[in-house]
Amino acid sequence: MTTAFKELAGSPVETYGPEGMKAQRRILVAWENRHGMVAELLGDGYEFGGTQPARYPDRPYVLAMRAKLQPWPKCPDEQGTFADVAEQINSYSGKYAEIVVDYELLETGTSRPDLPEHEEETFLTYRMDFAGEYVELPSHSMVWTSDATIPVPPEAVATLRVPITEHHVTWHRVVNPPWQAIRDGAGTVNHAAFIGAAAETVLFDGATAEKQFIGIDDLMLPEFGWRITYVFREKAIKYGGNVYGWNHAYRSLPHDAPGWDKLKDGNNENRYQTSDFTTLFQFAAII
């Protein structure tokens, strides 16, 4: 920090919960220096080598996220009656501005070690959820444990519950999202191991994207990036000591060798194409 400030009594207030540490500070700065202090707190972006938000003392991953500014002390302006609402505003020259700063934990440093590499000055957060699907297995491929010679009737439908692990990976502070990679990758499966899962067991189901405030640049203009959440669905069928994924189906014939096998069309193409998911975490090339 280069802007002088004072911290008010009763500040800071720290809270701890499922999302980690949060904090709030109340500081005073000269009224004329209020915008400079906000820029120091929230950062000035990083697209052209700027800085990240200010960290909370001794907590490198707890960063300033919001700043609320108001006059201190609250007193009426001495300019009298205004005539132009678009040009005139209270002035507190020679007085103070109170800035309420909210800090949040953005990266714990203990994320999954197998999350993909990503651009510098960005970070990932992760959430896991679950779903599942039922797969019907043909009755003619089944046998009774007590007596394999007893026929299995068609109405004895054998179903297999296949768990689907949902990986929600959120990429924060993305200046130049890889829109084309997102479009190309949606509906494909991983060509190599991804988040610890075997090849072709993870389906990229899609992404959500929303604007995210990054900071204030040297011209006091807001800079925005994107917060992108990717949803990957892992389908790992365990059978005979092996793991099968999205391109596999249950093969009931021949009867002496049932199991899981890949299905391909007449052009020898898999049902799901493969792609490199690492491109989803790289900025798009600037043309």
Side-chain angles (χ1 to χ4, degrees), residues 18 111-116 124-171 178 180-209 228-281:
S111 298
R112 291 188 56 153
D114 52 6
L115 289 179
L124 302 178
T125 53
Y126 174 81
R127 180 172 66 87
M128 179 187 288
D129 206 342
F130 75 94
E133 64 180 31
Y134 286 96
V135 178
E136 290 188 4
L137 305 180
S139 60
H140 63 254
S141 66
M142 302 287 107
V143 296
W144 299 109
T145 301
S146 59
D147 189 344
T149 64
I150 300 176
V152 178
E155 60 269 20
V157 179
T159 59
L160 176 69
R161 171 74 173 181
V162 179
I164 305 295
T165 302
E166 295 184 355
H167 304 275
H168 300 254
V169 183
T170 302
W171 189 20
Q180 191 60 47
I182 294 173
R183 182 175 293 109
D184 294 342
T188 67
V189 295
N190 55 319
H191 85 290
F194 182 73
I195 317 183
E200 299 188 29
T201 62
V202 178
L203 172 68
F204 175 34
D205 211 25
T208 61
I228 302 176
T229 298
Y230 296 115
V231 179
F232 302 97
R233 303 188 190 279
E234 179 183 351
K235 179 180 181 180
I237 304 167
K238 285 82 171 182
Y239 181 84
N242 296 314
V243 177
Y244 301 93
W246 289 94
N247 276 321
H248 290 84
Y250 189 77
R251 186 198 67 230
S252 58
L253 299 174
H255 297 298
D256 60 346
W260 295 85
D261 199 356
K262 277 190 177 182
L263 272 178
K264 294 188 176 183
D265 61 19
N267 295 320
N268 200 34
E269 293 287 340
N270 290 320
R271 291 185 297 167
Y272 294 95
Q273 298 182 25
T274 61
S275 64
D276 182 3
F277 289 169
T278 63
T279 61
L280 297 173
F281 300 90

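Computation of the quantities below employed the complete heavy-atom set of this structure, encompassing side-chain atoms and omitting hydrogens, waters and symmetry-equivalent molecules.
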For the student: nearest non-hydrogen atoms of [X] and [Y], plus distance:
| X | Y | result |
| --- | --- | --- |
| Val202 | Ala197 | CG2-CB, 3.4 Å |
| Pro154 | Ser139 | CA-OG, 3.4 Å |
| Phe281 | Pro116 | CE1-CG, 3.4 Å |
| Ala249 | Leu263 | CB-CD1, 3.6 Å |
| Phe204 | Val231 | CD1-O, 3.7 Å |
| Pro163 | Arg161 | CD-O, 3.4 Å |

Step by step, would you call Glu166 with His168 a side chain to side chain contact (heavy atoms under 4.5 Å, CB included)?
CA-CA 6 Å; Glu166 295 184 355; His168 300 254; 3.2 Å; yes
- Residues that Asp184 engages under side chain to side chain contact (heavy atoms under 4.5 Å, CB included), provided they are two or more places apart: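 Partners of Asp184 by the side chain to side chain contact (heavy atoms under 4.5 Å, CB included) criterion, ordered by chain and then number, come out as Gln180.
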task = Check ring pair (Phe, Tyr, Trp, His ring centres under 6.0 Å) between Tyr250 and all other residues, then give those that pass, not counting sequence neighbours.
result =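 Trp260.
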Please report the interatomic distance [atom1]([X]) to [atom2]([Y]), rounded to the nearest 0.5 Å.
| X | Y | atom1 | atom2 | answer |
| --- | --- | --- | --- | --- |
| His191 | Thr278 | NE2 | OG1 | 7.0 Å |
| Trp171 | Thr125 | CH2 | OG1 | 13.0 Å |
| Leu124 | Tyr126 | CG | OH | 12.0 Å |
| Phe194 | Phe232 | CZ | CZ | 4.0 Å |
| Ile237 | Leu160 | CD1 | CG | 7.0 Å |
| Leu203 | Glu234 | CG | CD | 11.5 Å |

#### Entry: Residues in side chain to side chain donor-acceptor pair (under 3.5 Å) contact with Thr170, at least two apart in sequence or another chain
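With neighbours one apart ignored, the set is Thr229.
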Inset, instruction - Under the side chain to side chain donor-acceptor pair (under 3.5 Å) rule, collect the residues that match up with Thr149, sequence neighbours excluded. - result: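 Expected list: Asp147.
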For the pair Asn190 (side chain) and Ala198 (backbone), establish whether a donor and an acceptor sit closer than 3.5 Å, ignoring hydrogens and angles.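 Answer holds: yes.
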Legend entry - Pairing residues for Lys262 by the salt bridge (charged side-chain N to carboxylate O under 4.0 Å, His left out) criterion, not counting sequence neighbours: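 Once residues adjacent in sequence are excluded, the partners of Lys262 under the salt bridge (charged side-chain N to carboxylate O under 4.0 Å, His left out) criterion are Glu200.
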Before giving the answer on side chain to side chain contact (heavy atoms under 4.5 Å, CB included), spell out for Thr201 and Val243 the whole-Å C-alpha distance, their side-chain angles and the decisive distance to 0.1 Å. CA-CA 8 Å; Thr201 62; Val243 177; 4.1 Å; yes
Exercise. For Ile182 and Leu280, what are the C-alpha separation, side-chain angles and deciding distance, and is it a side chain to side chain contact (heavy atoms under 4.5 Å, CB included)?
Worked result: CA-CA 6 Å; Ile182 294 173; Leu280 297 173; 4.1 Å; yes
Exercise. Would you say the side chain of Leu137 lies within less than 4.5 Å of the side chain of Met142, judging by non-hydrogen atoms?
Worked result: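 They are in contact (side-chain heavy atoms under 4.5 Å apart), so the answer is yes.
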**Item:** Residue pair Trp144 / Val152, side-chain heavy-atom distance below 4.5 Å
**Value:**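 Yes - at least one pair of side-chain heavy atoms lies under 4.5 Å apart.
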Check your understanding: Can you list every side-chain hydrogen bond (donor to acceptor under 3.5 Å, both in side chains) pair that touches residues 266-275, not counting sequence neighbours?
Key ->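 Output for this query lists Thr188-Ser275.
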- Task: Before giving the answer on side chain to side chain contact (heavy atoms under 4.5 Å, CB included), spell out for Tyr230 and Ile228 the whole-Å C-alpha distance, their side-chain angles and the decisive distance to 0.1 Å.
- Result: CA-CA 6 Å; Tyr230 296 115; Ile228 302 176; 3.7 Å; yes
Could you walk me through whether Glu133 and Lys235 satisfy the salt bridge (Lys or Arg N to Asp or Glu O under 4.0 Å) test, starting with their C-alpha distance in whole Å, then the side-chain angles of each, then the deciding distance to 0.1 Å, before giving a yes or no? CA-CA 9 Å; Glu133 64 180 31; Lys235 179 180 181 180; 2.7 Å; yes
